[in-house]
Amino acid sequence: MDPQLKAALEILEKAEREWKPPPGPIVLSDEYLRLVERYEALPQSRSGVDKTWVGRLIDDSERELGSAIRTWTREAPSTRSSPGS
Amino acid sequence: MDQGSSFDALVSRLVAGEVRFVVIGVWGVNLHAASGGLTFRTYDRDLFLPPDPRNLLAAWRACEELGFDLTSGGETLDIPRDEWLASRIVQRRALTRAEGPGGLLVDLTLVMGGFEFDSVWRERREFVVSGVRVPVARLMHIVTSKALAGRPKDHLFLATHAEALRELLPKDEPPLAG
């Protein structure tokens with residue numbers, strides 16, 4: 001495997017292993033709430049706008065993903081060994 | 001039939017049958033999208049219904065007519081599916097899951113964290129999908145409800161959504177504090 005790809009995958013694996021949600025309830029920041037308000041005020045967010053494209057986009061994306069071929073399989077942790085072990 | 005077509009057919013049938021519901025959850029967020037960068041993958045689609053047995057029964061019938069299998073609590077929904085059963089489900093605020101053609105999963109929920117149906121209904125948006133006006137909860141209501149749910153997947157979703165909004169909103173306004 002390409003060393004750069006391997007390093008990137010290892011970083012992602014580590015992040016996945018170590019990520020934990022912050023403790024306590026989720027508090028939405030004022031900044032985020034203002035962004036949502038601004039977003040809701042956009043013309044594309046008004047009633048009557050045609051959103052047929054959303055489902056089609058996601059269906060197309062699912063088909064693309066469905067036809068993907070796996071080129072790398074994650075090793076199970078128990079099968080890993082280091083030199084000399 | 002793909003999942004999108006199955007869902008459109010169900011929503012169209014619900015609207016034609018005057019069933020009251022609003023789309024919530026990640027699919028609701030997707031329908032608010034102004035561009036592809038604000039759409040998210042989801043394994044199911046959530047419809048929020050009022051605690052009204054007749055309305056729930058009408059939703060079940062629409063699902064059955066389109067060949068959806070109905071379950072509740074992991075078990076096939078009892079037969080006969082009548083108003084008595086719908087009343088029991090409403091009393092328990094239990095969820096009905098509808099599995100449709102193409103593996104589409106639709107959750108008919110009577111609960112949306114932090115909100116009553118009527119307040120969500122009053123402020124709904126109606127987007128057009130395949131020629132049908134689909135009622136969708138306000139984006140603010142959906143994200144607030146997700147924050148209240150507080151599951152790990154909600155943390156991840158809200159963080160990703162915030163980042164996508166920052167990327168996509170016009171930057172000609174004064175910098176945001178916070």
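Convention: sequence-line order gives letters A, B, ...; per-chain numbering from 1.
Listed in order of number, the residues of residues 34-42 of chain B that approach chain A to under 4.5 Å between heavy atoms are Ala34(B), Ser35(B), Gly36(B), Leu38(B), Thr39(B), Phe40(B), Arg41(B). Heavy-atom neighbours of chain A within the stretch residues 132-139 of chain B, taken at a separation under 4.5 angstrom, comprise Arg133(B), Arg138(B), Leu139(B).
Of the N and O atoms on the side chains of Thr109(B) and Asp107(B), not one donor lies less than 3.5 Å from an acceptor on the other residue.
Cation-pi check for Arg45(B) over Trp27(B) is met; the charged atom lies under 6.0 angstrom from the ring centroid and within 45 degrees of its normal.
Looking at Ser72(B), its side chain does come within 3.5 Å of a backbone N or O of Leu95(B) through a donor-acceptor pair. Arg93(B) places a side-chain N or O within 3.5 Å of a backbone atom of Val90(B) that can act as its donor or acceptor partner. Under the 3.5 Å distance criterion, the side-chain polar atoms of Ser6(B) are matched with a main-chain donor or acceptor of Pro101(B).
Between Leu49(B) atom CG and Thr96(B) atom OG1 the span is 8.5 Å, to the nearest 0.5 Å.
One hydrophobic cluster holds both Val36(A) and Leu168(B) under the rule that ILVMFWY side chains link at heavy-atom gaps under 4.5 Å.
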Report the C-alpha distance between Arg166(B) and Glu163(B) in whole Å, list the side-chain angles of each, state the deciding distance to 0.1 Å, and finish with yes or no for salt bridge (charged side-chain N to carboxylate O under 4.0 Å, His left out). CA-CA 5 Å; Arg166(B) 284 186 200 104; Glu163(B) 200 52 46; 3.1 Å; yes

Take Arg17(A) and Glu13(A) through the test salt bridge (charged side-chain N to carboxylate O under 4.0 Å, His left out) and record every step on the way to the result. CA-CA 6 Å; Arg17(A) 266 197 317 273; Glu13(A) 264 190 60; 3.7 Å; yes

Applying salt bridge (charged side-chain N to carboxylate O under 4.0 Å, His left out), run through Asp44(B) and Arg97(B) and close with a yes or a no. CA-CA 9 Å; Asp44(B) 53 27; Arg97(B) 168 158 279 195; 3.2 Å; yes

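With a threshold of 4.5 angstrom between heavy atoms, Asp59(A) approaches chain B through side-chain atoms but not through N, CA, C or O. Neither the backbone nor the side chain of Asp8(B) has a heavy atom closer than 4.5 Å to any heavy atom of chain A.
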